[in-house]
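Presented below is the structure to which this report refers.
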Amino acid sequence: MKTAALIEVLDREGVLLAGAAESAGTDAAVPTCPGWRVRDLLRHTGTVHRWATAFVAEGHTGPRPAEDLTDLDGAPLLSWFREGHGRLVDTLAGAAPGVRCWSFLPAPSPLAFWARRQAHETTVHRLDAESARGGEPTGIGVEFAVDGVDELLCAFHARPKSAVRTETPRTLRVRATDAPDAVWTVRLSAQPPVTVREDAEDADCELSGPAAQLYPALWNRRPFPAVTGDGSLAALWRERSRVTWS
């Protein structure tokens, strides 16, 4: 996806997240994040937004820690979240295409990385906020959902820190049934997963369904739409695929 389109998604998703959080109330439990209340969700996501903004706005070329979580709550916390989200959107939208700063996943440019990463970060946590509010979640576009699956499989889980591993080599297939060529072959072993975006070989297990359902399922926000083959690999994904921010 183009950077401008990702920034538009980030803008919309942050507004939806804040709206769902306000409707739920900051003390509401977040079913998709066991142990969290909405206040925890807002504090975490708002801190990530400010952390990301600083790299682009201030041109930091190496990693740096985020600020401590705010202790705001209620209406002041919602205002704080909205202000930080707005500043992130404005910073990305106004940045020069060639801005130089640190990033931590492969991307065509640092700006493309931060737009993509924050659009998906905010979308996943918008789903969390809507789970606290209850009711049907807001839909996700097919192209964006495919991009999110691609980021998770080909970038996050290509890193040495990925815990999705097997003692003997196995193959997991992920297939979006509503997008042409949106199929990934994930080779599992005692090393970090190796993913190619193609229907490369026979798979021990396939996870399939519409892209907008696969995307949150792979982020452990909903059940897999369909599992065929060895279901233990789907269970392995559930147990070990968590991406943590620290």
Report yes if some heavy atom in the side chain of [X] is under 4.5 Å from a heavy atom in the side chain of [Y]; otherwise report no.
{"X": "Arg222", "Y": "Leu127", "result": "no"}
{"X": "Phe55", "Y": "Arg64", "result": "yes"}
{"X": "Cys101", "Y": "Thr61", "result": "no"}
{"X": "Pro110", "Y": "Val56", "result": "no"}
{"X": "His120", "Y": "Asp147", "result": "yes"}
{"X": "Ser189", "Y": "Arg165", "result": "no"}

State yes or no: do [X] and [Y] share one hydrophobic cluster built from I, L, V, M, F, W and Y residues joined by side-chain heavy-atom distances below 4.5 Å, directly or via other members?
{"X": "Val9", "Y": "Leu214", "value": "yes"}
{"X": "Val99", "Y": "Ile7", "value": "yes"}
{"X": "Val142", "Y": "Trp184", "value": "yes"}
{"X": "Met1", "Y": "Leu105", "value": "yes"}
{"X": "Tyr215", "Y": "Val183", "value": "no"}

When you measure from the side chain of [X] to the backbone of [Y], do you find a donor-acceptor pair of N or O atoms at a distance under 3.5 Å?
{"X": "Arg117", "Y": "Ala52", "answer": "no"}
{"X": "Arg43", "Y": "Leu72", "answer": "yes"}
{"X": "Arg187", "Y": "Val194", "answer": "no"}
{"X": "Asp90", "Y": "Arg87", "answer": "no"}
{"X": "Asp204", "Y": "Gly229", "answer": "no"}
{"X": "Thr122", "Y": "Gln118", "answer": "yes"}

Closest heavy-atom contact between [X] and [Y]?
{"X": "Pro210", "Y": "Pro225", "value": "CD-CB, 4.5 Å"}
{"X": "Trp237", "Y": "Val164", "value": "CE3-CG1, 4.0 Å"}
{"X": "Pro31", "Y": "Ala29", "value": "CD-O, 3.3 Å"}
{"X": "Ser162", "Y": "Pro193", "value": "OG-CD, 3.4 Å"}
{"X": "Val146", "Y": "Ala211", "value": "CG2-CB, 3.8 Å"}
{"X": "Ala96", "Y": "Leu111", "value": "O-CD2, 3.9 Å"}

* All ring pair (Phe, Tyr, Trp, His ring centres under 6.0 Å) counterparts of His49, not counting sequence neighbours ->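 Counting only residues at least two positions away or on another chain, His49 forms a ring pair (Phe, Tyr, Trp, His ring centres under 6.0 Å) with Phe81, His85.
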
* Asked: Do Thr185 and Arg173 have side-chain N/O donor and acceptor atoms under 3.5 Å apart?
  ->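 There is such a pair between these side chains.
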
Is it true that, when you exclude [X] itself, more than 12 heavy atoms of the residues, nucleotides or ligands shown sit nearer than 6.0 Å to its [atom1]?
{"X": "Glu143", "atom1": "CD", "answer": "no"}
{"X": "Arg100", "atom1": "CZ", "answer": "no"}
{"X": "Glu167", "atom1": "CD", "answer": "no"}

* Asked: Can Ser131 and Val30 be said to form a side-chain contact (heavy atoms from CB on, under 4.5 Å), step by step?
  -> CA-CA 6 Å; Ser131 79; Val30 182; 3.9 Å; yes

* On the 0 to 90° scale, with breaks at 30° and 60°, tag the Trp114-Trp102 ring pair as parallel, tilted or perpendicular. =>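 Answer is tilted, since the angle falls between 30° and 60°.
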
To the nearest 0.5 Å, tell me how far [X] [atom1] sits from [Y] [atom2].
{"X": "His125", "Y": "Cys33", "atom1": "NE2", "atom2": "SG", "value": "6.5 Å"}
{"X": "Leu153", "Y": "Thr195", "atom1": "CG", "atom2": "OG1", "value": "5.0 Å"}
{"X": "Phe156", "Y": "Arg242", "atom1": "CZ", "atom2": "CZ", "value": "14.5 Å"}
{"X": "Phe144", "Y": "Glu8", "atom1": "CZ", "atom2": "CD", "value": "12.0 Å"}
{"X": "Ser241", "Y": "Leu218", "atom1": "OG", "atom2": "CG", "value": "7.5 Å"}
{"X": "Arg116", "Y": "Leu10", "atom1": "CZ", "atom2": "CG", "value": "14.5 Å"}

* Mind checking whether His60 and Trp51 have ring centres under 6.0 Å apart? ->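 Ring centroids of His60 and Trp51 are no less than 6.0 Å from each other.
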
* Looking at the rings of Trp36 and His44, which for Trp means the six-membered one, are their centres under 6.0 Å apart? ->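 Yes - the distance between ring centres of Trp36 and His44 falls below the 6.0 Å cut-off.
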
* Check the pair Leu42, Leu17 against side-chain contact (heavy atoms from CB on, under 4.5 Å), reporting the backbone distance first and the verdict last. => CA-CA 9 Å; Leu42 289 170; Leu17 193 163; 3.7 Å; yes

* May I ask you to check if Arg159 and Phe104 form a cation-pi contact, with NZ or CZ under 6.0 angstrom from the six-membered ring centre and within 45° of the axis? =>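 Judged by the rule, Arg159 and Phe104 form no cation-pi pair.
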
* Residue of the set Val227, Leu188, Val186, Leu207 for which side-chain contact (heavy atoms from CB on, under 4.5 Å) holds with Leu233 ->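 When side-chain contact (heavy atoms from CB on, under 4.5 Å) is applied between Leu233 and each of Val227, Leu188, Val186, Leu207, only Leu188 qualifies.
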
* Stepwise side-chain contact (heavy atoms from CB on, under 4.5 Å) test for Asp199 and Arg175 -> CA-CA 9 Å; Asp199 197 341; Arg175 187 187 306 276; 3.0 Å; yes

* To do: Assess whether side-chain contact (heavy atoms from CB on, under 4.5 Å) is satisfied between Asp27 and Arg39, documenting all intermediate values.
  => CA-CA 6 Å; Asp27 194 46; Arg39 66 174 62 87; 3.0 Å; yes

